[in-house]
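Everything quoted here is computed from the prediction, not taken from an experiment.
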Amino acid sequence: MSFSAEVKEELVKQMPGAKHCQIAELAAILQYAMAVHKDEKGHFYIEMHEESLFPTRKCFTILKKTFNIGSVAETLTELLTDGEVVNKIIMSIKYQDDSHTVSPLVVKSACCKRAFLRGAFLSIGSMSNPEKGYHLEFVCENWKQAVQIQDMLHTFDIEAKIVQRKRYQVVYIKESEGIVELLNVMGAHVALMNLENLRILKDMRNSINRRVNCEAANITKTVNAATKQIEDIEYIRDHYGFDSLSDNLREIAVVRLEYPEATLKELGECLEPKVGKSGVNHRLRKLSELADRLRG
């Protein structure tokens, strides 16, 4: 099961305690996963979209709990073809014909907004595998729907943007912090903890990789510097002679050739008297300048 499906599986089991929150979630599911129509006589009926397993399950549960109609029908299809039930649904969600958004009266309070976002994610939401990247989105049929979801997210300080993808308007979140906050808002606490654990592991891997890369770069730099120093010293020895060097430069030249892999600190400790890193570096730089002049 994908991470997105795991989130939805958890959200299906989350049932709002208050009736107004149940209605808010139901309104989102009906808006995004189903369609309200009128027959020839002007009576409302509700049609389910295909491939809507999660919102279908949640809608059936909410309807039975909210309207206490568990004994009336055994399937959601039966409920949605029952004229009395459909009228109750239409009235409860304050459905407005030809409107592309959920009525603001249904989502006035923060708890109802949480329920609305949960229903919206169950219906048109998806999330990428967090091991590969952070991306969560709602695929809306029109601009008004996208703006309503974006505004709802903004009330919880979650940054979301809208982009057009073919004929759809997509509300998306790219930052992991925003995705974590949305999971918390919707009540997907198990998925939130799993995501946080993945974030920690990912951050640890990135930190280790940065450290390894930094150390590798430092080692490469040190090796290249030591190789250049040895080349310069050998050139001086062959074309100028150590006897022509001052005592300090001759001493460090001999020690560097004897210990080609030693660090500056280790070279300094081999001298008598001992010399610090800056002193060793100064002498080696003098030798390098001399070698360059000899080559020139």
Do Glu251 and Val275 come close enough that some side-chain heavy atom pair is under 4.5 Å? no
Say whether Met15 and Val185 are linked into one hydrophobic cluster, either directly or through other cluster members, by side-chain heavy-atom distances under 4.5 angstrom. yes
Is the shortest distance from a Lys or Arg side-chain nitrogen in Lys228 or Asp232 to a carboxylate oxygen in the other one below 4.0 Å? yes
Find out whether Thr66 and Lys19 are in side-chain contact, i.e. whether some heavy atom of one side chain is under 4.5 Å from a heavy atom of the other. yes
Does the pair Glu231/Arg295 count as a salt bridge with the N-to-O cut at 4.0 Å? no
Work out which heavy atom in Arg165 is nearest to a heavy atom in Val139; give both atom names and the distance. NH1-CG2, 4.4 Å
With the 4.5 Å side-chain cut-off for hydrophobic clustering, are Ile162 and Tyr134 part of the same group? yes
Gln14 (side chain) donor-acceptor with Gly187 (main chain) under 3.5 angstrom: yes
For Gly133, does its backbone N or O pair with a side-chain atom of Ser128 as donor and acceptor, under 3.5 Å? yes
Using modelled atom types and a 3.5 Å cut-off, is there a donor and acceptor pairing between side-chain atoms of Glu10 and backbone atoms of His189? yes
Students often mix this up, so state it plainly: with edges at 30° and 60°, are the rings of Phe138 and Phe121 parallel, tilted or perpendicular? perpendicular
Taking a hydrophobic cluster as the set of Ile, Leu, Val, Met, Phe, Trp and Tyr residues connected by side-chain heavy atoms closer than 4.5 Å, whether directly or through intermediates, do Ile230 and Val254 fall within one such cluster? yes
Considering all heavy atoms of both residues, which atom of Leu153 and which atom of Ala160 are nearest to each other, and what is their separation? CD1-CB, 3.5 Å
Looking only at non-hydrogen atoms, find the nearest pair between Leu195 and Pro130 and report the distance. CD1-CB, 3.3 Å
Between Lys113 (side chain) and Lys108 (backbone), is there a donor-acceptor pair under 3.5 Å? yes
Please check if atom NZ in Lys13 has more than 12 non-hydrogen atoms from other residues, nucleotides or ligands closer than 6.0 Å. no
Answer yes or no: is there a side-chain heavy-atom contact under 4.5 Å between Phe242 and Leu257? yes
Donor-acceptor under 3.5 Å (Gln164 side chain, Lys166 main chain): yes
So, the side chain of Arg118 versus the backbone of Met186: is there a donor-acceptor pair under 3.5 Å, distance only? yes
Check this for me, if you would: do Arg199 and Glu177 make a salt bridge, where the nitrogen-to-carboxylate-oxygen distance has to be below 4.0 angstrom? yes
Taking every heavy atom of Met127 against every heavy atom of Ser4, the minimum-distance pair comes out as N-OG, 3.2 Å
Please determine whether a side-chain nitrogen of the Lys or Arg among Arg57 and Glu9 lies less than 4.0 Å from a carboxylate oxygen of the Asp or Glu. yes
Minimum heavy-atom distance Lys8-Gly125, with the two atoms named: NZ-O, 2.8 Å
Nearest heavy-atom contact between Leu264 and Arg256 is CD2-NH2, 4.4 Å
Within the side chain of Lys58, is there an N or O that forms a donor-acceptor pair under 3.5 Å with the backbone of Ser123? no
